[in-house]
2 protein chains.
Amino acid sequence: MKQEVEIMLKSKEINPTVNRMLVLDYLLELKSSISLTDLELSLESFDRVTLYRTLKTFEERGLVHKIEDGMGITKFAICQDSCEAGMHHDLHVHFYCHSCKQTFCLPKTQIPEVKLPENYQRQEMELIVKGICSVCVK
Amino acid sequence: MKQEVEIMLKSKEINPTVNRMLVLDYLLELKSSISLTDLELSLESFDRVTLYRTLKTFEERGLVHKIEDGMGITKFAICQDSCEAGMHHDLHVHFYCHSCKQTFCLPKTQIPEVKLPENYQRQEMELIVKGICSVCVK
DNA sequence: TAAACATTGCAATACAGTTGCATGCCGTTT
DNA sequence: AAACGGCATGCAACTGTATTGCAATGTTTA
């Protein structure tokens, strides 16, 4: 497992330090996305700034992507395989649960095509659905 | 014009103070949405906190709605007629322009239907398209 | 008029995001 | 081995937005 994480980092040209392997390992296990603050609480061994820079590095190298959770908090999640550095293919839907405050990627739910008014040029899209997730609904 | 603004406020059971009439008037003229900070810069006559509370009141009474602009900034825009206090029908698309940093409501562009995985309950949706707006594209 | 309530401004706090700088580690060069 | 460079990390500090507390002022009501 550690081996696998190390290989992932190297394949993105990221120096596999202990910190970075721990963070990546944590993110890979994670079912949803996570904010910097929550990551800090989960991995107490490292400084907030270090985690901040780790996530920033991961994002720049196309390992994770940022999600605006629709409540003003930035969260991070592992990219799909199809992502590359500087070019995220992140057109799936994100789901924010009002109950557990988690933000889930719904990779199987594509954002439908949207027609824009004339002369509007699209570059990215974000679709956030808010409600109650399948765990909290029970 | 002032009269109209006053009537709007009263119809939402908001005391029409000078401050509130100015803010509402400004929002009605506005083609896009605005952040608290930008509103503060536009209407220098009032304290930031007062404007903050004004927008909060407006939102609670269903006069404006919050928009997450997708870059972590909260903005406000006048609601459509169909909105009521505590129940915003805000299912249209928002467009964030990377060039002028403005966030536009595109009321004629409906969010297409999205199928969620089983047991996910939808309450609200936000679709933010980012790119270049029709003014900046020229 | 006095009491009650609403509105506003100032100060202070909370918190996410971010930057600067010093330190320590590691591999390379001389 | 010693000196050098680059990278990773931690601490402190700063920025900007959001938010609350409290006092002062203004307005309504009994």
Side-chain angles (χ1 to χ4, degrees), chain A residues 2 5-6 8-10 12-26 33-61 63-77 85 96 101-103 128, chain B residues 5-6 8-10 12-26 33-61 63-77 85 96 101-103:
Chain A
K2 273 279 173 65
V5 166
E6 193 174 336
M8 274 189 76
L9 287 170
K10 285 182 177 169
K12 297 287 184 178
E13 296 184 339
I14 300 170
N15 211 341
T17 66
V18 176
N19 160 43
R20 288 166 178 170
M21 288 200 286
L22 276 176
V23 171
L24 180 53
D25 191 52
Y26 186 86
S33 57
I34 192 167
S35 68
L36 174 57
T37 300
D38 287 342
L39 186 63
E40 190 189 1
L41 294 174
S42 304
L43 301 178
E44 291 188 11
S45 43
F46 285 90
D47 187 81
R48 177 183 183 80
V49 178
T50 300
L51 296 176
Y52 166 75
R53 287 196 261 238
T54 299
L55 290 172
K56 198 176 173 191
T57 301
F58 283 8
E59 199 211 354
E60 285 164 1
R61 305 292 166 92
L63 209 47
V64 304
H65 59 259
K66 264 190 201 170
I67 307 168
E68 289 293 324
D69 77 346
M71 302 293 283
I73 302 292
T74 303
K75 294 182 177 176
F76 296 85
Y96 176 83
K101 317 289 186 210
Q102 289 196 76
T103 303
I128 301 159
Chain B
V5 166
E6 194 174 336
M8 272 190 76
L9 286 170
K10 284 182 177 169
K12 296 286 185 179
E13 297 184 337
I14 300 170
N15 212 343
T17 65
V18 176
N19 160 43
R20 288 166 180 170
M21 287 198 287
L22 276 176
V23 172
L24 180 54
D25 192 52
Y26 186 85
S33 56
I34 193 167
S35 68
L36 175 58
T37 299
D38 288 341
L39 186 63
E40 190 189 2
L41 294 173
S42 303
L43 302 177
E44 291 188 12
S45 44
F46 286 90
D47 188 81
R48 177 183 183 80
V49 178
T50 299
L51 296 175
Y52 166 76
R53 287 194 263 237
T54 299
L55 290 172
K56 198 177 173 189
T57 301
F58 283 7
E59 199 212 351
E60 286 164 1
R61 305 293 167 90
L63 208 49
V64 304
H65 59 258
K66 263 190 204 171
I67 306 169
E68 289 294 325
D69 77 345
M71 303 293 283
I73 302 290
T74 303
K75 295 184 176 174
F76 296 85
Y96 176 83
K101 318 289 187 207
Q102 288 195 78
T103 303

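Residue numbers start from 1 in every chain, and the chains themselves are labelled A, B, ... in the order their sequence lines are given, proteins ahead of strands. None of these values were measured; they are calculated from a predicted model.
- Summarising the geometry of B:K66 relative to B:E59, their closest heavy-atom pair is CE-OE1, 3.7 Å, with the distance given to 0.1 Å.
- In terms of the side-chain hydrogen bond (donor to acceptor under 3.5 Å, both in side chains) criterion, residue partners of A:Y26 (sequence neighbours excluded) are, by chain and number, A:S42.
- For DNA chain D, the contact window with chain B, defined by any atom under 4.0 Å from a protein heavy atom, covers D:dT17 to D:dG21 in 5' to 3' order.
- For B:K56, there are no salt bridge (Lys or Arg N to Asp or Glu O under 4.0 Å) partners two or more places apart in sequence or in a different chain.
- Among residues two or more places apart in sequence or in another chain, the side-chain hydrogen bond (donor to acceptor under 3.5 Å, both in side chains) test is passed with B:S33 by none.
- Atom pair B:E13:CD and C:dT7:P shows a separation of 13 Å (rounding to whole Å applied).
- Remark: B:N15 pairs with B:R20 by the side chain to side chain contact (heavy atoms under 4.5 Å, CB included) rule, at least two apart or across chains.
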With the sugar-phosphate defined as primed atoms, P, OP1 and OP2, and the base as all remaining atoms, what B/S/- string results for nucleotides 14-19 of chain C, 5' to 3', for protein heavy atoms under 4.0 Å?
--SSBB

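- Listed by first and then second residue, the salt bridge (Lys or Arg N to Asp or Glu O under 4.0 Å) pairs involving residues 35-50 of chain B are B:E40-B:R48 (not counting sequence neighbours).
- Residues meeting the salt bridge (Lys or Arg N to Asp or Glu O under 4.0 Å) test with A:R53, sequence neighbours left out: none.
- Nearest approach of A:L51 to A:N19, heavy atoms of both residues: CD2-OD1, 3.8 Å.
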Please report, to 0.1 Å, the donor-acceptor pairs under 3.5 Å made by any side chain of residues 67-76 of chain B, with sequence neighbours excluded.
from: B:E68; atom 1: OE2; to: B:T74; atom 2: OG1; distance (Å): 3.3
from: B:D69; atom 1: OD1; to: B:M71; atom 2: N; distance (Å): 2.7
from: B:D69; atom 1: OD1; to: B:G72; atom 2: N; distance (Å): 3.4
from: B:D69; atom 1: OD1; to: B:I73; atom 2: N; distance (Å): 3.1
from: B:K75; atom 1: NZ; to: B:K101; atom 2: O; distance (Å): 2.6
from: B:K75; atom 1: NZ; to: B:T103; atom 2: OG1; distance (Å): 3.1

Between N or O atoms, less than 3.5 Å apart, protein on one side and nucleotides 22-27 of chain C on the other: list the pairs.
none

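- A search for side chain to side chain contact (heavy atoms under 4.5 Å, CB included) contacts involving B:M21 returns B:V5, B:E6, B:L9, B:P16, not counting sequence neighbours.
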